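Notes to accompany the following structure.
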Number of protein chains: 2
Amino acid sequence: MHEPAAAAAKPYHHGDLRRALLDAALTIIERDGPAALTLRAVAREAGVSPAAPYHHFHDKNELMSAVAKDGFRRLNEAMANAVKESGPGELGLAYVEFAHANPALYRVMYDCARSAETFPEQSEKEHDGLELVKQAIAKAAGGKINELDLELTAIAAWSSVHGLAEISRFDKCAPLKELLGGERAFIKAVLEHAPMFLATKREH
Amino acid sequence: MHEPAAAAAKPYHHGDLRRALLDAALTIIERDGPAALTLRAVAREAGVSPAAPYHHFHDKNELMSAVAKDGFRRLNEAMANAVKESGPGELGLAYVEFAHANPALYRVMYDCARSAETFPEQSEKEHDGLELVKQAIAKAAGGKINELDLELTAIAAWSSVHGLAEISRFDKCAPLKELLGGERAFIKAVLEHAPMFLATKREH
DNA sequence: TTTCGATCTGGACGGTGCTTAGATAACACC
DNA sequence: GGTGTTATCTAAGCACCGTCCAGATCGAAA
């Protein structure tokens, strides 16, 4: 429509401030952590007044949600790449490694998802992480799995990796990581031990 | 040392303000949600000036941590009760149900744990939730499980229930809950499906 | 009784999310 | 090209936040 190149000598009207605000938010998140992610800081980073963002987002929460949505998009991208490059067996590892590589973003993502009690949906199936998990499970089951079991299993899998993504950062896990020779090995080991605890569920 | 009964006509020196502040924090969390949990609101609720809490907690974070620690104590208590009343097979259910019964508290608990990157330890083993999980797993395995496998399995179990506690609140799960006839049934079903997704991990 | 240290108040500082009023510039139309 | 319309941005201000400080209050040791 207009874009005057989005640079050079602040032309009062920014051109694409919405995009610039999202970029600024990501910069702040990665540089200063999620606590520093204030609306005013984002505006400052983008070089505009504190009130400017309100013409592009209804409130702070809406900006955060947009950041979160972008984060989920990137997460799903990482998962899709993992399937393409290493097969569906690496899905869980890719998930946890994304969360560890972008801890502040991951936190903002779930903070938003929690308060909205909703999960950013991706329009195309091949870019929806949960859909990828379902496909992997269906493939592993040789197609012989009904829809209900598939849904429940996918949620169980998502729960496991999300829980592990959060818990593995606690210092309680540090000795195990060292023992196993690195975070990656630790994550793999835990994910492979997930079925064992189910034994305690069967025997009652 | 002194306690003048902690009631009746504000005697300038409160008597046990520290305890009163923690109680006030819990009241606010349950009544107004985690976003309303400000230091000033806690002081207001306890009927003291905004600066009073600083004589009992170094800063807001320290107050939150105390609340979180209390929360983990109650969670572990709930888990211990579940084992006593229904056997170790109900541990996961008890965990998720606690998180759902106290959503705001649960959120504060993990917010604190995350920022400290540490997990409030409980001094006595019989009151440590992770210890309960280990015992349940060891019992289910008939004692034939080495220490490493036990640790990894316990972390996998904790990851699953923590993840499920968060994810099951998303509206994506609502249709499944309805289909299965309630949240409790849904949680049980997901926990029982956890092993199936592991199939996708084996076949590579 | 005097002193002392712990506890609490009132007031202040900078930072926050958000609102309102007004300045600025890009666009659509004549 | 001149005109008005509309979206965008700024400046100023509101109430609230976490935190600090000087001083009032009080319990207990000396």
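Nothing here was measured: the structure is a model prediction, and the numbers come from that model. The sequence lines fix the lettering, A, B, ..., with proteins before strands; numbering per chain opens at 1.
Heavy atoms of T38(B) sit under 4.0 angstrom from primed sugar atoms or phosphate atoms, though from no base atom.
Here dC18(C) presents its C1' atom at 10 Å from NE2 of H58(A), a figure rounded to the nearest Å. Going from atom OH of Y54(A) over to atom P of dA11(D) covers 17 Å, rounded to whole Å. Rounded to whole Å, the distance from CG on L21(A) to P on dT8(D) is 12 Å. Rounded to whole Å, atom C1' of dT8(D) lies 14 Å from atom CZ of F57(A). Atom P of nucleotide dG15(C) and atom CD1 of I28(A) are separated by 15 Å, given to the nearest angstrom. When rounded to the nearest whole Å, the span between CD of E62(A) and C1' of dC18(C) equals 14 Å. For the pair L63(B) CG and dT19(D) P, the computed distance is 10 Å after rounding to whole Å.
Both R40(B) and L39(A) lie close to DNA chain C; mapped to their nearest nucleotides by heavy-atom distance, the more 5′-ward contact belongs to R40(B). The 5' end of DNA chain C is approached more closely, in terms of each residue's nearest nucleotide, by A52(B) than by the other of K60(A) and A52(B).
For the pair E192(B) and K188(B), the salt-bridge criterion is not met [side-chain N within less than 4.0 Å of a carboxylate O]. Looking at R114(A) and D111(A), a side-chain N of the basic residue comes within less than 4.0 Å of a carboxylate O on the acidic one, giving a salt bridge. Of the charged side-chain nitrogens involved, at least one lies within less than 4.0 Å of a carboxylate oxygen, so that E45(A) and R31(A) count as a salt-bridged pair.
The L17(B) side chain lies nearest to dC8(C) when the options are dG18(D), dC9(D), dC8(C). When distances run from any side-chain atom of H55(A) to the nucleotides dC8(C), dC9(D), dA11(D), the shortest one goes to dC9(D).
F98(B) CZ to L105(B) CG: the interatomic distance, rounded to the nearest 0.5 Å, is 5.0 Å.
Look at H56(B) and you'll find a side-chain N or O under 4.0 angstrom from OP1 or OP2 of dC8(C). Phosphate proximity of dC17(D) to R44(B): present, with a side-chain N or O under 4.0 Å from OP1 or OP2.
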Test H162(B) against S159(A) for side-chain hydrogen bond (donor to acceptor under 3.5 Å, both in side chains), laying out the working first. CA-CA 7 Å; H162(B) 169 60; S159(A) 296; over 6 Å; no
